[in-house]
Amino acid sequence: MRVMVMVKASPGSEAGTMPDPQRLAAMGRFNQELVRAGVMLAGEGLHPSSRGVRVRYSGSRRTVVDGPFAETKELVAGFWLWQVRSMEEAIEWARRCPNPHPEDCEIEIRPVFEAEDFDALAPGLREQERRLRAAPG
């Protein structure tokens, strides 16, 4: 199963404070462990929400809202995409992760929908998904 692992933002990450060299080195070692184990598919840090936008949808209307966004605890500072056997395995990896921020923080783990999750609703979706992923960019 694939899971999205989201590192929640902190006041420091939203202020644009970069992690200290020791924290970066510890996270680098953890990422190497994930790669060696075949778990990490992707992972990146994100700029503060002050550099982002949100697009709001209301019927056919679209509104663009510039950051920063108010609730720091609801924002994401970085993410991984992991391939794991179970949610329990993902939790065990998350427990081993160095604290991404100098402050207390939280990591959220959520399963990613797979094409087979939708097969009952849309037969043939798995084949369509396979073709899309195989198509040249």
Side-chain angles (χ1 to χ4, degrees):
M1 76 184 289
R2 291 181 305 157
V3 293
M4 175 67 71
V5 181
M6 295 167 278
V7 176
K8 296 300 188 102
S10 69
S13 70
E14 273 300 288
T17 305
M18 294 299 288
D20 62 61
Q22 294 83 7
R23 190 171 311 279
L24 284 174
M27 291 302 288
R29 287 188 298 275
F30 180 67
N31 285 340
Q32 286 177 340
E33 286 182 54
L34 291 167
V35 169
R36 278 195 302 271
V39 170
M40 186 169 151
L41 302 175
E44 304 293 338
L46 300 172
H47 283 277
S49 70
S50 61
R51 298 195 50 193
V53 299
R54 290 181 176 167
V55 179
R56 289 199 178 130
Y57 296 81
S58 179
S60 62
R61 201 168 134 223
R62 307 296 184 259
T63 306
V64 176
V65 179
D66 293 324
F69 307 116
E71 286 294 322
T72 299
K73 67 183 180 184
E74 299 300 324
L75 300 174
V76 176
F79 70 92
W80 287 281
L81 184 60
W82 291 348
Q83 179 73 49
V84 292
R85 289 180 297 279
S86 64
M87 184 60 85
E88 291 74 23
E89 181 186 5
I91 292 167
E92 287 307 311
W93 278 106
R95 286 176 182 263
R96 293 173 54 190
C97 180
N99 186 343
H101 301 293
E103 308 97 336
D104 290 349
C105 77
E106 205 171 83
I107 289 180
E108 180 178 341
I109 306 169
R110 294 178 52 192
V112 174
F113 276 112
E114 302 292 351
E116 55 268 14
D117 295 327
F118 296 101
D119 274 352
L121 297 173
L125 183 64
R126 190 181 315 188
E127 179 58 26
Q128 175 186 339
E129 182 72 14
R130 187 198 62 73
R131 284 193 313 270
L132 286 172
R133 290 182 186 272

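What you see below is based on every heavy atom in this structure, not just the backbone, and it leaves out hydrogens, waters and symmetry mates.
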query = Nearest 0.5 Å, what's the CD-CE distance between Glu89 and Met1?
reply = 10.0 Å
inquiry  = Does anything in residues 17-44 form a ring-ring contact (aromatic ring centres under 6.0 Å, His included)? List the pairs, not counting sequence neighbours.
reply    = Phe30-Trp80
query = Are Val39 and Ile109 in one and the same hydrophobic cluster, where Ile, Leu, Val, Met, Phe, Trp and Tyr link if side-chain heavy atoms are under 4.5 Å apart?
reply = yes
ask   = Would you call Val7 and His101 a side-chain contact if the rule is heavy atoms closer than 4.5 Å?
value = yes
request  = Identify whether Phe79 and Val112 are in the same connected component of the hydrophobic contact network (ILVMFWY, side-chain heavy atoms under 4.5 Å).
outcome  = yes
query = Quick one: ring-ring contact (aromatic ring centres under 6.0 Å, His included) pairs with a partner in residues 43-75, sequence neighbours left out?
reply = none
task = Check the surroundings of atom CD in Glu44: do more than 12 heavy atoms from other residues, nucleotides or ligands lie under 6.0 Å from it?
result = no
key: Shortest non-hydrogen contact from Pro111 toward Val3   = CA-CG1, 4.0 Å
query = What's the spacing between Met6 CE and Leu81 CG if we round to 0.5 Å?
reply = 11.0 Å
message = Other residues, nucleotides and ligands only: do more than 12 of their heavy atoms fall within 6.0 Å of CG on Asp104?
response = no
request  = State the CG-CZ distance between Asn31 and Arg36, to the nearest 0.5 angstrom.
outcome  = 11.0 Å
same_hphob_cluster(Leu41, Val76) at 4.5 Å side-chain heavy-atom cutoff = yes
inquiry  = Looking at every heavy atom in both Ala26 and Pro98, which two are closest together, and how far apart are they?
reply    = O-CG, 3.7 Å
query = Just wondering, do Ser49 and Glu14 contact through their side chains at under 4.5 Å, heavy atoms?
reply = yes
ask   = Crowded around Arg85 CZ? As in, over 12 foreign heavy atoms under 6.0 Å?
value = no
message = Using 0.5 Å steps for rounding, measure from the CG atom of Asn99 to the CD1 atom of Ile107.
response = 8.0 Å
task = Determine whether Pro19 and Met27 make a side-chain contact, defined as any pair of heavy atoms from C-beta on separated by less than 4.5 Å.
result = no
note = Here the gap from Glu108 atom CD to Glu74 atom CD, rounded to the nearest 0.5 Å, amounts to 8.5 Å
Contact summary for Pro48 and Gly16, nearest pair of heavy atoms = CG-CA, 3.7 Å
key: Same apolar cluster: Met87 and Met40, side chain cutoff 4.5 Å   = yes
message = Within the supplied structure, the quantity of interest is the number of heavy atoms (other residues, nucleotides, ligands) at a distance under 6.0 Å from Arg2 CZ; does it exceed 12?
response = yes
inquiry  = Once rounded to the nearest 0.5 Å, what's the spacing between atom CD of Gln32 and atom CZ of Arg29?
reply    = 8.5 Å
